[in-house]
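Proteins get letters first, then strands, A, B, ... in listed order; numbering begins at 1 in each.
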Protein chains: 2
Amino acid sequence: METPTSRPATLDDVARAAGVSRATASRVLGGYGFASVDARERVGAAADRLGYVPNVTARALVRGAGVRLVVAVAGTDAGVLDDPYVDRLVSAAARVCAPHGVGVALEWLPLDAPAGLRRLGDDRSVCGVLLVNTTARVLDAVPAGLRGRVVSIGTGSPAVPSFDVDNAAGADAVLRHLHAGGRRRIAMVTGPRWLSCAERSVTAYEGLMRAAGLPVRLVTGDFTAARGGRAALEAMTRWPDTDAIYAASDATALGVIAALRGRGIGVPHDVAVGGFDDIPYAAVSSPALTTATHPVARIATAAATAVLDGRPVPPVTAFPSTLVARESA
Amino acid sequence: METPTSRPATLDDVARAAGVSRATASRVLGGYGFASVDARERVGAAADRLGYVPNVTARALVRGAGVRLVVAVAGTDAGVLDDPYVDRLVSAAARVCAPHGVGVALEWLPLDAPAGLRRLGDDRSVCGVLLVNTTARVLDAVPAGLRGRVVSIGTGSPAVPSFDVDNAAGADAVLRHLHAGGRRRIAMVTGPRWLSCAERSVTAYEGLMRAAGLPVRLVTGDFTAARGGRAALEAMTRWPDTDAIYAASDATALGVIAALRGRGIGVPHDVAVGGFDDIPYAAVSSPALTTATHPVARIATAAATAVLDGRPVPPVTAFPSTLVARESA
DNA sequence: CTGTTAGCGCATTCAA
DNA sequence: TTGAATGCGCTAACAG
């Protein structure tokens with residue numbers, strides 16, 4: 001805090017003020033290598049007297065490290081970025097990255113042109129990539145240069161470790177709850193069908209229905225409330241005796257409930273509704289939504305931490321999803 | 001795409017492959033300065049043959065530019081970061097920053113120790129700061145070194161341009177709607193009282209109530225649904241004849257509605273409820289929420305763009321908020 | 001334990 | 001119009 005109006009202090013300034021060489025200053029400030037107590041003290045004092053802040057850019061350059069973590073969301077159009085789920089991922093990642101001097105960038109990865117990934121691999125300023133909404137095609141397009149610094153929030157591959165919620169278990173829990181409540185004609189509003197991690201809950205649904213000898217009633221959704229509402233109406237038209245709807249996301253479920261209400265169908269009296277995600281509004285909706293947890297922030301935190309640390313990661317890290325029984329089912 | 005397994009190409013590689021000097025290659029790739037058509041062609045060809053991607057880190061270092069945009073959220077504790085509003089801001093900023101090679105970091109700024117701002121000002125790797133939830137104290141703590149690269153999402157100051165929604169107009173619109181619907185005993189659940197941008201809607205409320213000769217009934221909230229619910233109960237206890245509640249945020253309003261419902265109070269029949277933000281779930285809640293718009297993503301986009309561009313910015317950029325009349329009022 | 005020496009990859013003077 | 005040289009701020013060998 002010596003000269004408030006001048007330019008920020010550099011390592012050189014600190015070294016000079018402390019009467020040591022730049023290398024020594026670097027060592028004590030960096031915390032590695034040897035340094036006498038005396039040197040340590042003087043450098044430390046000089047540093048905070050001058051208000052020294054290491055220049056992350058220079059450090060990254062010389063170490064060949066990156067300064068950006070890219071969140072790449074695959075999808076048919078840039079609209080996939082307009083999703084509270086993505087917001088939460090990015091925000092959690094940005095929070096983890098901050099203390100490391102790393103920033104987060106958000107990009108859309110065109111589903112049919114995953115070649116954009118090559119660019120990321122060749123960009124030395126990128127310290128890691130978080131892939132979101134992966135497909136087999138996207139995973140195949142991951143360049144070798146990205147190995148070890150790319151993870152998937154969703155389905156993984158041999159080259160791309162996965163960090164994801166256990167969709168199947170979550171779906172299972174909600175569906176069993178529906179069944180335990182006496183529901184026997186359960187329709188499901190899915191997520192986008194191209195999304196492999198969302199397919200896991202569809203698989204769980206189909207498996208459960210078949211095992212119980214119940215009809216399989218699928219309507220395609222896209223995780224949005226608007227589409228959920230339309231899907232619910234479609235389901236009730238095609239199968240009027242439906243007594244429960246399982247939605248692949250809470251947003252979808254809220255849309256389903258709103259549409260049912262609009263049709264004068266009582267929830268849960270006539271039709272029970274279950275969701276997935278346990279978003280904040282699930283607790284205050286009317287009726288309060290029965291759903292399964294989805295620890296989005298924890299997942300993003302773990303994923304970002306993994307690429308920041310750069311240590312080897314198990315091929316798949318599954319985060320449990322547990323039932324939250326409320327009023328809608 | 002010459003040698004896929006080797007290290008990413010550098011400017012040197014491109015220059016060598018094109019048979020020109022590094023300086024020339026830099027000029028044509030950077031788009032500035034002169035270069036013969038021939039040189040331009042050869043460098044361009046070499047660049048994309050080698051899959052050259054400029055190293056943002058090196059570029060930033062030499063130009064003295066930053067590589068990170070820091071979103072600093074002021075608050076009493078780190079919990080302020082757990083807010084969908086913050087998520088949206090960060091996400092929108094990360095989207096704008098991506099094409100510039102800039103990443104976004106998210107930090108909590110302790111309300112009583114805004115000295116952390118000095119560190120940001122002295123950090124040469126920080127290209128800009130987005131202040132969120134500002135107070136006078138925080139604004140005063142903005143170091144001179146940050147001038148020109150810091151903006152506020154909320155209240156500003158002579159040194160910190162403001163980008164914010166027109167809270168007063170939004171509050172005004174909802175309150176007038178309530179009044180037009182015949183409500184005369186309108187309570188308000190506020191945001192945190194230390195938050196100056198949230199106080200603007202309180203001021204609007206008080207002004208309107210006084211002008212209409214109506215009672216002022218304030219309960220302090222914190223933008224959350226949980227607190228909104230408790231506040232609603234408190235209001236109905238203190239002033240049982242209350243016929244409308246204006247909440248400073250949609251989350252609060254949803255909490256209010258849930259609490260009222262729990263007490264058997266009909267919305268909007270007994271008590272009308274208005275919110276602010278127009279979050280996605282406002283449209284599908286039951287009853288659908290009457291509220292005013294809050295273009296969070298647009299605000300963050302404009303704010304981030306302003307600091308990235310580095311051009312002078314007007315002291316305050318207000319984003320309009322308009323009424324969305326639905327069922328709750 | 002410490003200082004000297006080399007760069008990291010790039011933009012930008014200055015001369016040619 | 002181009003190339004050679006310089007340095008952004010820092011870390012990592014290396015030699016003292």
Practice task
Answer yes or no: does a side-chain N or O of A/Ser26 lie under 4.0 Å from OP1 or OP2 of D/dT11?
Solution key: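 The answer is yes; a side-chain N or O of A/Ser26 sits under 4.0 Å from OP1 or OP2.
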Problem - Distance below 4.0 Å between A/Arg63 side-chain N/O and D/dT11 OP1 or OP2 - result: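 No, because none of the side-chain N or O atoms of A/Arg63 sits under 4.0 Å from OP1 or OP2 of D/dT11.
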Problem - Residues B/Asp112, B/Arg137: salt bridge by 4.0 Å N-O rule - result: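 No, B/Asp112 and B/Arg137 are not salt-bridged.
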Problem - CZ-CZ distance between B/Arg298 and B/Arg88, expressed to the nearest 0.5 angstrom - result: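 Going from CZ on B/Arg298 over to CZ on B/Arg88, the span is 11.5 Å.
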Proximity to the side chain of [X] - top-ranked nucleotide from [options]:
X	options	value
A/Ala58	C/dC10, C/dT2, D/dC10	D/dC10
A/Val62	D/dT2, D/dT11, C/dC10	D/dT11
A/Ala23	C/dG3, D/dC10, D/dG9	C/dG3
A/Arg22	D/dC10, C/dG9, C/dA11	D/dC10
B/Leu61	C/dA11, C/dT2, D/dC8	D/dC8
B/Thr24	D/dG3, D/dA5, C/dG3	D/dG3
A/Ser21	D/dT2, D/dT6, C/dT4	C/dT4

Handout entry: Atom-to-atom span, CZ of B/Arg42 to P of D/dT1 - whole angstrom
Key =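 Computing the B/Arg42:CZ to D/dT1:P distance gives 15 Å.
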